[in-house]
Amino acid sequence: MVRTDWTLDEINEIYHQPLLDLVYQAATVHRNWHPASEVQVCTLLSVKTGGCPEDCSYCGQAARYHTDIKVKALMSKEEVVSIAQRAKDAGSSRFCMAAAWREVRDNKDFDRILEMVEGVNDLGLEVCCTLGMLTEDQARRLQEAGLYAYNHNLDSSENYYEEIISTRTFNDRLNTIGNVRKAGISVCSGGIIGLGETHEDRIGMLRTLATMPKHPESVPVNALARVKGTPLADLPKIDTWEMVRMIATARILMPASIVRLSAGRAEMNEEEQAWCFMAGANSIFTSESETLLVTPNPGLKQDKEMFDHLGLKPMVRGKQKAVS
Ligand code: SF4
C-alpha cells in the first residue's frame with residue numbers, strides 16, 4: 001500500500017536502522033513493486049546553460065558565481081530533436097530538457113520550448129522539462145504540447161532551504177509542483193545531499209515528499225557536485241553510504257515511485273553504484289557528452305558495461321500511473 005501519512009518518528013526509525021537491515025528492507029520493497037533488473041535510462045540535456053539570476057549555492061549556472069561554465073543561448077528545436085533521437089537509439093526512454101531560468105516567461109523562448117516538447121514527444125520518448133517556476137497556465141500549455149513530466153526539486157528540508165537559496169522560497173517550490181499536478185503532468189521531485197545539512201534535514205525533506213497527496217512519480221536523489229567558484233565548492237565529498245541510506249529510505253517511503261540515482265555517479269565506482277541499485281534506485285541519467293548539465297557524468301559505454309556486469313537492462317518506455 002502507498003502511504004502518504006508518514007510521521008517523522010517512523011521515518012527516523014527507518015532511516016537510522018543498521019545499514020544492512022535498511023538495504024534488505026528497501027530491496028524487498030523494490031522487488032515487490034518493480035522488476036528489480038530494470039533501470040530507467042534518462043537523458044538530460046541543458047538546452048539553455050548558465051546566466052541564471054538565482055543564487056542556489058550549489059549551482060555553477062548562477063550568474064553571480066565565478067565558475068568556468070560558459071553561458072549558452074537556447075538551442076534550436078532541430079538540434080534538440082536530433083540529440084533526442086540519438087538518445088533514444090542508445091536506449092533512453094526519457095528525455096529531460098533543462099533551462100537555467102528562474103521561471104518561465106510567456107515569450108518566444110517558451111514557444112520554442114513548446115515546439116521542442118512536441119518534437120521529442122513525436123519520437124515516442126517520455127518528455128520531461130526543468131525550467132524553473134511555472135504558472136498553472138504555463139503548465140497546461142506544456143501538457144498540451146505533450147509534456148509527460150516536470151522536474152522541480154525541493155533541494156533540501158524546509159528548515160535548511162534558506163541556507164541554500166534566498167531568491168525564492170520553499171513555498172514557491174511547492175506551488176510550482178502544485179501547478180504541475182493540476183495540469184495532469186507527472187511530478188519529478190527530490191533533492192540533494194551533501195549541502196551541509198543534518199540527518200534531520202534529510203528526513204524532513206523525505207517527509208515532505210512522502211506526505212504529498214500524491215508521491216512524485218520520480219524522485220531524484222543527488223549528491224552535491226562540487227563546482228569550483230560556488231559557495232559550496234569546498235564541502236567534503238558525500239560518503240556513498242549516505243547516498244545508499246537516502247535512496248533506501250526513499251524507496252521504502254515511496255514504493256511505487258521511480259527513485260533516481262542522479263548527480264554524484266561520476267565519483268562512484270561500479271560497486272558503489274551497485275549498492276544504490278540494491279537499495280532501490282531504478283533510474284539513472286546518462287548523456288553522450290558525459291556531463292550532467294554542467295558537471296561530469298559517466299558515458300554511455302561505461303553505463304552499458306555496468307549494466308552488463310550487474311545484469312541490469314534499460315526499462316522500456318511505460319508511462320507510469322499516478323502512484324497514490
Ligand atoms: S539550480 Fe536552477 S534556478 Fe538555481 S541557480 Fe542553478 S539554474 Fe538557476
Side-chain angles (χ1 to χ4, degrees), residues 42 44-75 80 96-105 107 109-110 112-113 116 128-135 138-139 142 147 149-158 160-177 179-180 187-197 201 205 209 216 218-233 235 238 260 262-264 266 285 287 289 291-297:
C42 317
L44 178 61
L45 176 69
S46 180
V47 296
K48 183 265 169 186
T49 307
C52 180
E54 298 291 90
D55 72 349
C56 309
S57 19
Y58 53 81
C59 182
Q61 302 199 66
R64 66 191 70 205
Y65 307 138
H66 300 288
T67 65
D68 297 335
I69 288 152
K70 305 265 174 300
V71 175
K72 286 191 209 135
L74 187 63
M75 291 168 79
V80 169
C96 184
M97 298 178 278
W101 289 331
R102 168 183 164 76
E103 69 220 319
V104 171
R105 303 258 171 89
N107 57 18
D109 283 351
F110 184 43
R112 200 189 300 174
I113 293 277
M116 290 176 190
C128 179
C129 279
T130 182
L131 313 168
M133 292 187 284
L134 208 60
T135 64
Q138 290 161 344
L142 281 164
L147 191 76
Y150 195 81
N151 165 267
H152 206 59
N153 289 331
L154 296 183
D155 291 345
S156 193
S157 70
E158 184 168 9
Y160 197 63
Y161 186 85
E162 57 191 41
E163 302 290 325
I164 300 298
I165 299 152
S166 74
T167 45
R168 60 179 189 273
T169 66
F170 194 75
N171 262 336
D172 290 333
R173 307 297 276 175
L174 296 179
N175 285 342
T176 290
I177 292 171
N179 290 339
V180 169
V187 171
C188 173
S189 186
I192 310 171
I193 64 169
L195 305 171
E197 76 288 342
D201 289 315
M205 180 181 80
L209 293 167
S218 185
V219 181
V221 179
N222 297 278
L224 172 68
R226 296 160 299 159
V227 180
K228 207 168 140 230
T230 61
L232 304 185
L235 283 179
I238 196 79
R260 184 172 306 121
S262 301
F285 275 128
S287 88
S289 62
T291 56
L292 192 61
L293 297 180
V294 294
T295 57
N297 196 58

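Order of listing sets the numbers, starting from 1, for every ligand and every atom in it.
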Can you see which heavy atom on Gly60 is nearest to which on Ile69, and at what distance?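 Distance-wise, the nearest heavy atoms are O-CD1, 3.4 Å.
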Of all heavy-atom pairs between Leu195 and Glu197, which one has the smallest distance, and what is that distance? N-OE1, 2.7 Å
Considering the options Thr130, Asp109, Ile113, which one meets the side chain to side chain contact (heavy atoms under 4.5 Å, CB included) requirement together with Val47? Ile113
If you count the atoms of ligand 1 from 1 in the order shown, which ones are under 4.0 Å from a heavy atom of [X]?
X	result
Ala100	7 (S)
Tyr58	1 (S)
Cys52	3 (S), 5 (S), 7 (S), 8 (Fe)

Within a 6.0 Å radius of atom CG on Asp68, are there more than 12 heavy atoms belonging to other residues, nucleotides or ligands? no
Can you establish whether the number of heavy atoms outside Arg64 located under 6.0 Å from its atom CZ is more than 12?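 Yes, the 6.0 Å shell around CZ holds more than 12 heavy atoms from other groups.
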Kindly state if atom 8 (Fe) of ligand 1 has a protein heavy atom within a strict 4.0 Å cut-off, that is, under 4.0 Å?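 Within 4.0 Å: yes, protein heavy atom nearby.
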Contact partition for His152 relative to ligand 1, non-hydrogen atoms under 4.0 Å: neither
Strictly under 2.8 Å, is any N, O or S atom of Cys56 next to atom 4 (Fe) of ligand 1? yes
Ignoring hydrogens and angles, state whether a donor on the side chain of Asp172 or Thr169 is under 3.5 Å from an acceptor on the partner side chain. yes
Among all protein non-hydrogen atoms, which one is nearest to atom 6 (Fe) of ligand 1, and what is the separation to 0.1 Å? Cys59 SG, 2.3 Å
